[in-house]
Asker: 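Below is one structure. I have some questions about it.
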Amino acid sequence: SCQSVKVDRGRKMEFLIIYDKWKPKAEKLALEMYRWFKERKIVSFIQPENLDGFEGTADSAATESDFVIALLLGGDGFIIKNGYELARRNIRFIGINFGTVGYLAPVKPRDWMKAIGKILDGRYTLERKKILKGSLRDEEFYAVNDIVLFRGLQKFVRMKVKIDGDVVYRNIGGDGMIICSAIGSTAYNLAAGGPIIEVGLALTPLAVHRVDIKPLTRDENRVVEITCLGGSSD
């Protein structure tokens, strides 16, 4: 869902610059951004790859401010990698595209100054996306991009799939199943032939041995239950 946000220009912001250390152009731009903020006396932090060493949150950063905005310089995979930790700390973030698809990174590197200018003026919208919650044998976990049932060392696995208690597939066999969020639809899901989605979730079968089985898309609040019916190593 998208929520309109208005921010007073007098509110104090801090910026956290996180760049993909495997992309020299991203590191170069990160250093340029850091200098730009410093010249304007805007508090910023810079570091490669992840949040290691940063103790701030959106409400209580390393110095006193109204909130922190993270600038992620990388591709979709890099943003997904950092997204959960940022969300856990309630830190807003925006992606600057140094990848291929750029689905989660709406800002082109050449437009970074214009984008930050809009943020400082309060001219932006805050988009909230849900992540996945899963459970396996009573153990709960969270995933930003996808949850995958895979055959492992078996040659194939048979599955029964329910959505909100209703049987969708009674017995299908293949390599497994991807359940992905909108955030992760351009990752493993896309590579496996699944759809790119802006909201909701997608179920993409992996090498299922039937021509009539296609990926499904559903509302993000649905409960998907997959039961493993057994596998084969023959």
Asker: Hey, any chance Val224 and Ile197 share a hydrophobic cluster, counting ILVMFWY side chains that come within less than 4.5 Å of each other, even indirectly?
Answerer: no
Asker: Just checking Asp212: does its CG atom have more than 12 heavy atoms from other residues, nucleotides or ligands closer to it than 6.0 angstrom?
Answerer: yes
Asker: Please check: side-chain N/O of Asp146 versus main-chain N/O of Val148, any donor-acceptor pairing under 3.5 Å?
Answerer: no
Asker: Does atom CZ of Arg110 have more than 12 heavy-atom neighbours, drawn from other residues, nucleotides or ligands, at distances under 6.0 Å?
Answerer: no
Asker: Of all the heavy-atom pairs spanning Lys133 and Ile147, show the shortest one and how long it is.
Answerer: C-CD1, 4.4 Å
Asker: Do Ile46 and Ile69 land in one hydrophobic cluster if side-chain heavy atoms of ILVMFWY residues count as linked below 4.5 Å?
Answerer: yes
Asker: Quick one: does Lys130's side chain have a donor or acceptor within less than 3.5 Å of a partner on Glu220's backbone?
Answerer: no
Asker: Step through the shown structure and confirm whether more than 12 heavy atoms of other residues, nucleotides or ligands are within 6.0 Å of CZ on Phe150.
Answerer: yes
Asker: Ignoring hydrogens and geometry, is there a side-chain-to-backbone donor-acceptor pair from Ser135 to Asp138 under 3.5 Å?
Answerer: no
Asker: Check each of Trp112, Phe37, Phe93 against Phe15 using the ring pair (Phe, Tyr, Trp, His ring centres under 6.0 Å) test, and report the only one that passes.
Answerer: Phe37
Asker: Looking at CE of Met159 and CG of Asn171, how far apart are the two atoms once the value is rounded to the nearest 0.5 Å?
Answerer: 9.0 Å
Asker: Measuring only between side-chain heavy atoms, which start at C-beta, is Arg89 closer than 4.5 Å to Val68?
Answerer: no
Asker: For the pair Arg35 and Glu39, evaluate salt bridge (charged side-chain N to carboxylate O under 4.0 Å, His left out) and give the outcome as yes or no after the intermediate values.
Answerer: CA-CA 6 Å; Arg35 289 191 293 267; Glu39 289 171 359; over 6 Å; no
Asker: Before giving the answer on side-chain contact (heavy atoms from CB on, under 4.5 Å), spell out for Thr204 and Cys180 the whole-Å C-alpha distance, their side-chain angles and the decisive distance to 0.1 Å.
Answerer: CA-CA 8 Å; Thr204 300; Cys180 79; 5.7 Å; no
Asker: Output the distance between atom CD1 (Ile116) and atom CG (Asp111), rounded to the nearest 0.5 Å.
Answerer: 11.5 Å
Asker: Quick one: CD1 on Ile96 to OH on Tyr19, what's the gap to the nearest 0.5 Å?
Answerer: 14.0 Å
Asker: Just how far is it from atom CG of Asp164 to atom CD of Glu225, taken to the nearest 0.5 Å?
Answerer: 10.5 Å
Asker: Mind checking whether Leu229 and Val161 sit in one hydrophobic cluster, side chains of I, L, V, M, F, W, Y counted as touching below 4.5 Å?
Answerer: no
Asker: Ignoring hydrogens, what is the shortest heavy-atom contact between Ser44 and Tyr34? Give both atom names and the distance.
Answerer: OG-CD1, 3.3 Å
Asker: Provide the closest heavy-atom pair for Pro205 versus Ile213 in the form atom of the first, atom of the second, distance.
Answerer: CG-CG2, 3.5 Å
Asker: For Ala143 versus Ile131, what's the shortest heavy-atom pair and its separation?
Answerer: O-CB, 3.4 Å
Asker: Indicate the atoms forming the closest heavy-atom contact of Ile80 with Leu104, along with that distance.
Answerer: CG1-CD1, 3.6 Å
Asker: Write down the atom of Ala105, the atom of Gly74, and the distance for their closest heavy-atom approach.
Answerer: CB-O, 4.3 Å
Asker: Hey, mind stepping through Leu216 and Tyr169 against side-chain contact (heavy atoms from CB on, under 4.5 Å) and telling me if it holds?
Answerer: CA-CA 11 Å; Leu216 298 174; Tyr169 302 121; 3.6 Å; yes
Asker: Same cluster or not: are Met113 and Ile94 linked, directly or through other Ile, Leu, Val, Met, Phe, Trp or Tyr residues, by side-chain heavy atoms under 4.5 angstrom apart?
Answerer: yes
Asker: Rounded to the nearest 0.5 Å, what separates atom CZ in Arg92 from atom CD1 in Ile119?
Answerer: 11.0 Å
Asker: Indicate if Leu72 and Trp22 have the same hydrophobic cluster label, given that clusters are the connected sets of ILVMFWY residues with side-chain heavy-atom separations under 4.5 angstrom.
Answerer: no
Asker: About how many Å separate CG of Leu201 and CZ of Arg222, when rounded to the nearest 0.5 Å?
Answerer: 8.5 Å
